[in-house]
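Numbering starts at 1 and runs along the sequence shown. Values below: all heavy atoms of this structure, side chains included; hydrogens, waters and symmetry mates excluded. Being a predicted model, the structure only gives us computed values, none of them experimental.
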Amino acid sequence: MNARRRTVLTAGAAGAAALVTGCGSSGDGSGGGDASGTPTASDTASPGASPDASPGGEELAATSDIPVGGGTIFKEQKVVVTQPEEGEFKAFSAVCTHAQCLVSTVSDGTINCPCHGSKFSITDAAVEAGPATRPLPAEQITVSGGAIRLG
């Protein structure tokens, strides 16, 4: 195998390992992070959440823990879960697409990065303010029985 191909394969493997590590979980189920708004309970799901899938992933939170019009950041899992409207849950990567900092707050309808001030919509993670130019990637969640699970 030539050196260029070996370098590309090595870099690809390292990137895949970093992605798997970043998407991994500690297994303790603890979340944490900042939220805004008033929490409300709901057992319904929205696009991006799978209400009928069997719960198989790590439980992130109860639906009542995610404020309507806001969200909660799960730093260990590098995921932010939002509830743009009552009963509509969304999940996105908590890693800013600009400089890979973890977002730190959810307020006034945006997910906010502390490093350079990028802001992302709680509805679809679209960039509301730069310097980021790409939205936060969506994450898969399942909402069932009042619980929000990753995957």
Side-chain angles (χ1 to χ4, degrees), residues 3-40 42 45-51 53 56-143 147-151:
R4 178 180 284 199
R5 183 171 181 188
R6 184 178 15 239
T7 300
V8 169
L9 290 174
T10 302
L19 178 63
V20 169
T21 301
C23 293
S25 66
S26 63
D28 67 358
S30 66
D34 299 295
S36 66
T38 305
T40 62
S42 174
S46 66
S50 301
E58 174 184 3
E59 185 171 332
L60 292 174
T63 55
S64 60
D65 293 339
I66 310 300
V68 175
T72 301
I73 299 165
F74 299 91
K75 292 181 182 182
E76 288 183 25
Q77 295 83 0
K78 296 182 181 172
V79 170
V80 58
V81 177
T82 65
Q83 188 175 186
E85 295 182 27
E86 189 167 348
E88 179 183 1
F89 298 93
K90 306 281 185 150
F92 308 103
S93 170
V95 179
C96 181
T97 57
H98 171 246
Q100 288 68 54
C101 297
L102 282 181
V103 297
S104 63
T105 61
V106 180
S107 62
D108 300 322
T110 60
I111 302 162
N112 310 303
C113 181
C115 292
H116 301 105
S118 291
K119 295 179 182 286
F120 305 89
S121 168
I122 65 169
T123 303
D124 59 4
V127 176
E128 296 282 324
T133 58
R134 292 176 289 126
L136 297 173
E139 295 286 339
Q140 185 66 39
I141 55 171
T142 303
V143 180
I148 299 172
R149 296 183 180 277
L150 192 57

Practice problem: Report yes if the side chains of Lys90 and Pro84 come closer than 4.5 Å at any heavy-atom pair, otherwise no. | Solution: yes
Quiz item: Have Asn112 and Ser107 got a donor and an acceptor in their side chains that come within less than 3.5 Å?
Solution: yes
Self-check item: Pair listing, side chain to side chain donor-acceptor pair (under 3.5 Å) test, anchored in residues 125-138, at least two apart
Solution: none
Exercise. To the nearest 0.5 angstrom, please state how far the CD atom of Glu76 sits from the CG atom of Leu60.
Key: 11.0 Å
Practice problem: Sort and list the pairs that fulfil disulfide bond (SG atoms under 2.5 Å apart) and have at least one residue in residues 58-99, not counting sequence neighbours. | Solution: none
Quiz item: Which heavy atom of Val106 sits nearest a heavy atom of Gly70, and at what distance?
Solution: CG1-C, 3.6 Å
Quiz item: Do Ile111 and Ser118 have side-chain heavy atoms sitting under 4.5 Å apart?
Solution: no
Exercise. Establish, from distance only, whether the side-chain atoms of Glu58 and Gln77 form a donor-acceptor pair under 3.5 Å.
Key: yes
Quiz item: So do Phe74 and Val80 actually touch side chain to side chain, heavy atoms under 4.5 Å?
Solution: no
Quiz prompt | Test item: Thr82 side-chain N/O and Ile122 main-chain N/O as donor-acceptor pair under 3.5 Å | solution = yes
Quiz item: Less than 4.5 Å apart, any side-chain heavy atom of Thr72 and any of Val81?
Solution: no
Practice problem: Locate the shortest heavy-atom distance separating Gln83 from Ile66; write the atom from each residue and the value. | Solution: NE2-O, 2.6 Å
Quiz item: Which atom pair, heavy atoms only, marks the closest approach of Ala132 to Phe120?
Solution: CB-CZ, 3.7 Å
Quiz item: Hey, does Thr63 have a side-chain heavy atom less than 4.5 Å from the side chain of Phe89?
Solution: yes
Quiz item: Considering residues at least two apart in sequence or located in another chain, which fulfil the side chain to side chain contact (heavy atoms under 4.5 Å, CB included) criterion with Val95?
Solution: Lys78, Ser93, Gln100, Leu102
Quiz item: Of all heavy-atom pairs between Pro135 and Val127, which one has the smallest distance, and what is that distance?
Solution: N-CG2, 4.0 Å
Quiz item: For Thr142, does its backbone N or O pair with a side-chain atom of Arg149 as donor and acceptor, under 3.5 Å?
Solution: no
